[in-house]
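Note that the numbering runs from 1 along the sequence shown for the chain. For the numbers below, each heavy atom of this structure counts, side chains included, while hydrogens, waters and symmetry mates do not.
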Amino acid sequence: MSFLETTSTVKLNVQHRCRDAPTTGSVVDGFDPAVLAAGREWLLTALQAGYRHIDTAAIYGTEALVGEAVRKSGIPRHEIFVTTKLPLNGFTRVKQSFEHSLKQLDLEYIDLYLVHSPTPVAYEDGNHFPTNPDGTTRLDNNISIHDVWADMEALLETGKVKAIGVSNFSPKTLEPLLKKAKVVPAVNQVELHPYLVQEDLRQYCKDKGIVVTAYMPSGRETVRSDPKVVELAAKYKVTPTQLVLGWHLARGVPIITKSTNVERQKENLKLPVIAAVDVKQINALDRGDRLFPKQIMVNGTCFGWTFEQYGW
């Protein structure tokens, strides 16, 4: 059986001053206090296992841990690709938010800075998720995505960030941004797995020169336990997670994985070459199932927007 070279890279569009991005990365979020407490150790083991792309965000509360791990790893800074994200309530404070993230990371520069979501969450000091009386996220609908993106573009001129991009955007939310953009987003990081194949979005972004990157790429246990996934994993003599991650790379989609277990971290870097006929079988599992929003929906909204507003 053949295995993929998971230390390969993908080229970002030429408007960015960034080196090629690794196709396999590791995310560290702090939504789970236990994960946050153990973050230092498993970030280091991930880097030691061979990961060279670390994904974090202001709202995860883990930027300081990521910076510490990068510095302690002994790996030259230029060999590690660090991604972080603008807070959801940072649309009117792009420069300040970026400088705060850079200070938290305590690194000379950030490789990739993403607009975490297209939702214009209202700014409230010390609260990433301000809410309305009914529990929905409070928005500031006077904010223009054109102004936000212009401020993102200005960050490139500082030399402190090498590339900028977006996350959780659809063609519906990308179109208005692109109408006035001077710099096309390098990346669109989205939920993507066999139950949410997003082929239309992937093709749209490819046509625009935007690299689609998958978060939640294994689809968690919901997808990993699918009978077809289990069947094909047995065929390739790998775990369901390895099979699905290999499917992503067979489609040319970089992945952001998460595992606190050293052996699974190593497993996730040893991925099978999936035959075209099996890629099609996995594609056929698509059911447009968004797993992440289900965890945080309030009154039919996710961070203040309906699925229709997201273009989902």
*When the ring planes of Phe292 and Phe303 are compared, do they come out parallel, tilted or perpendicular, using 30° and 60° as the limits?*
tilted

*Measure up the Tyr195 and His193 rings against each other and bin them: parallel (under 30°), tilted (30 to 60°), perpendicular (over 60°).*
perpendicular

Going by atom types alone, do [X] and [Y] pair a side-chain donor with an acceptor below 3.5 Å?
{"X": "Glu267", "Y": "Thr241", "answer": "no"}
{"X": "Trp247", "Y": "Asn283", "answer": "yes"}
{"X": "Thr136", "Y": "Asp134", "answer": "yes"}

Look at the side chain of [X] and the backbone N and O of [Y], then say whether any donor-acceptor pair between them is shorter than 3.5 Å.
{"X": "Gln189", "Y": "Thr213", "result": "no"}
{"X": "Ser97", "Y": "Arg93", "result": "yes"}
{"X": "Tyr113", "Y": "Leu155", "result": "no"}
{"X": "Asp106", "Y": "Gly67", "result": "no"}
{"X": "Thr239", "Y": "Gln242", "result": "yes"}
{"X": "Gln265", "Y": "Gln48", "result": "no"}
{"X": "Thr119", "Y": "Val121", "result": "no"}

_Presence of salt bridge, Glu221 and Arg224, under 4.0 angstrom_ =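 Yes, charged N to carboxylate O under 4.0 Å.
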
*State plainly whether the residues Lys180 and Asp147 are in salt-bridge range, i.e. N to O under 4.0 Å.*
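Result for this pair is no, no salt bridge flagged.
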
*Over 12 non-hydrogen atoms of neighbours within 6.0 angstrom of CD in Glu308*: no

*Atom CZ of Arg264 and atom OG1 of Thr257: how far apart are they, to the nearest 0.5 Å?*
11.5 Å

_Under the criterion salt bridge (charged side-chain N to carboxylate O under 4.0 Å, His left out), I'd like the reasoning laid out for Asp55 against Lys85: C-alpha separation, chi angles, the key distance, then a yes or no._
CA-CA 9 Å; Asp55 181 274; Lys85 308 175 189 75; 2.6 Å; yes

